Amino acid sequence: MADGPQLNIDIVAKRFAVLPVPLMVDLHLEVAAASVVALVGPSGVGKSTLLRMIAGIDTDFAGTIVIDGVPAATAPPAGFVFQDARLLPWLTAEANIRAVREATTPAEARDLLGRVGLAGYENAYPHELSGGMQRRVALARAFSVNPRLLLLDEPFVSLDRHLVTEVQQVFLDLVRDTSATVVLVTHLPEDAARLADRAILLTGQPARIIADIVLPGLRGTRGAAEISRLIDEIALPSSETAL
Ligand code: ADP
Ligand code: MG
């Protein structure tokens with residue numbers, strides 16, 4: 001499968017009428033094809049908004065966001081895991097995956113469930129699945145929409161520690177297999193240190209990039225000492241300049 005797309009984000013200004021100052025001014029970011037970039041920053045800085053703009057859902061801004069040369073609003077839809085992602089409780093795991101993309105066949109949905117370690121759970125309803133299993137279905141659902149470009153908004157929050165590790169491993173395996181381009185929004189430097197190739201720190205009003213850190217070594221294989229050193233490196237500038 002071809003590598004995921006390159007993203008060219010050139011935001012001149014993004015405003016919400018209710019906010020006294022623009023949310024973003026002159027925000028520029030290039031995301032390399034097949035890379036995992038973590039967007040780290042405090043609550044309210046605009047991470048979810050930026051993700052919706054990259055997804056082409058929010059087009060109300062000055063500037064351009066281009067995905068492999070195509071404006072985001074007309075590019076193939078990205079696979080998206082929303083911050084408050086919930087599976088539809090009245091649909092099975094398989095039907096939840098098929099609900100977001102008509103062309104997905106039952107066989108394809110089952111194959112995706114197998115890839116997230118849920119073979120045999122096609123007919124399970126969300127309430128029959130653990131929190132970690134539900135997140136894995138949400139990841140599979142995003143992959144079914146677009147395995148090349150994934151936009152993930154806090155996909156590991158409010159899971160028990162051991163489930164976080166489990167879901168993160170599923171994420172790493174899927175992304176490695178497909179060479180997807182991923183923008184991963186998180187408020188935790190630790191997620192970036194474990195899972196990303198690069199960490200972008202956003203802070204302020206308007207939001208600006210205060211650090212752009214290329215993370216050494218291979219994502220998913222960094223040792224505990226390396227991860228804790230990187231957490232400090234990522235966390236330090238952001239804690240100095242809280243919103
Ligand atoms: P984050 O994901 O980093 O916590 P958000 O992108 O959700 O931040 O929100 C950034 C700011 O924009 C917040 O002040 C929020 O209230 C505001 N905001 C987000 N969405 C809307 C909207 N649809 N209308 C008005 N204001 C919004
Ligand atoms: Mg958010």
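Counting starts at 1 for both ligands and their atoms, following the listed order. Values below: all heavy atoms of this structure, side chains included; hydrogens, waters and symmetry mates excluded. Bear in mind the structure is a predicted one, so any value in this text is a computation, not a measurement.
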If we only count heavy atoms from C-beta on, is the [X] to [Y] side-chain gap below 4.5 Å?
| X | Y | result |
| --- | --- | --- |
| L50 | I11 | yes |
| I209 | L202 | yes |
| I67 | L7 | yes |
| P216 | E226 | yes |
| L113 | R136 | no |
| R135 | L139 | no |
| I234 | L201 | yes |

For this session: Pick one of side chain, backbone, both or neither for how R52 approaches ligand 1, counting any non-hydrogen atom pair under 4.0 Å.
Result: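 Side chain only; the backbone of R52 stays clear of ligand 1.
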
At under 4.0 Å between heavy atoms, which part of L23 makes contact with ligand 1: side chain, backbone, both or neither?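 Only the side chain of L23 comes within reach of ligand 1.
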
Checklist entry - Charged N to carboxylate O below 4.0 Å: is that the case for D153 and K47? => result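 Result for this pair is no, no salt bridge flagged.
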
Ionic contact status for D232 with R229, cut-off 4.0 Å: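 Looking at D232 together with R229, the answer is no, because their closest N to O distance does not fall below 4.0 Å.
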
Check: Has ligand 1 got any nitrogen or oxygen that is less than 3.5 angstrom from a nitrogen or oxygen of F16?
Finding: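 By distance alone, the answer is no.
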
inquiry  = What I want to know is whether G44 and ligand 1 share at least one N or O pair that is separated by under 3.5 angstrom.
reply    =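 Yes, at least one N or O pair falls under 3.5 Å.
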
How about S48: does one of its N, O or S atoms come closer than 2.8 Å to the Mg ion (ligand 2)?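 So S48 does bind the Mg ion (ligand 2) by this criterion.
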
Proximal atoms of ligand 1 relative to V18 (non-hydrogen, under 4.0 Å):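 Reading through ligand 1 atom by atom, the close ones are 25 (C), 26 (N).
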
task: Provide the number and element of each atom of ligand 1 under 4.0 Å from a heavy atom of S43.
output: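 So the answer, numbered in order with elements, is 4 (O).
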
Tell me the protein heavy atom at minimum distance from [atom], and give that distance in Å.
| atom | answer |
| --- | --- |
| atom 7 (O) of ligand 1 | S48 CB, 3.7 Å |
| atom 8 (O) of ligand 1 | G46 N, 3.2 Å |
| atom 5 (P) of ligand 1 | T49 OG1, 3.7 Å |
| atom 16 (O) of ligand 1 | L19 CD2, 4.8 Å |

*Within less than 4.0 angstrom of ligand 1, does P42 place any heavy atom?*
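It does; at least one heavy atom falls under 4.0 Å.
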
Under a heavy-atom criterion of less than 4.0 Å, does E154 contact ligand 1?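 The answer is no, since E154 has no heavy atom less than 4.0 Å from ligand 1.
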
Under-4.0 Å heavy-atom contact between protein and atom 11 (C) of ligand 1
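Neighbour list for atom 11 (C) of ligand 1 includes protein heavy atoms (cut-off 4.0 Å).
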
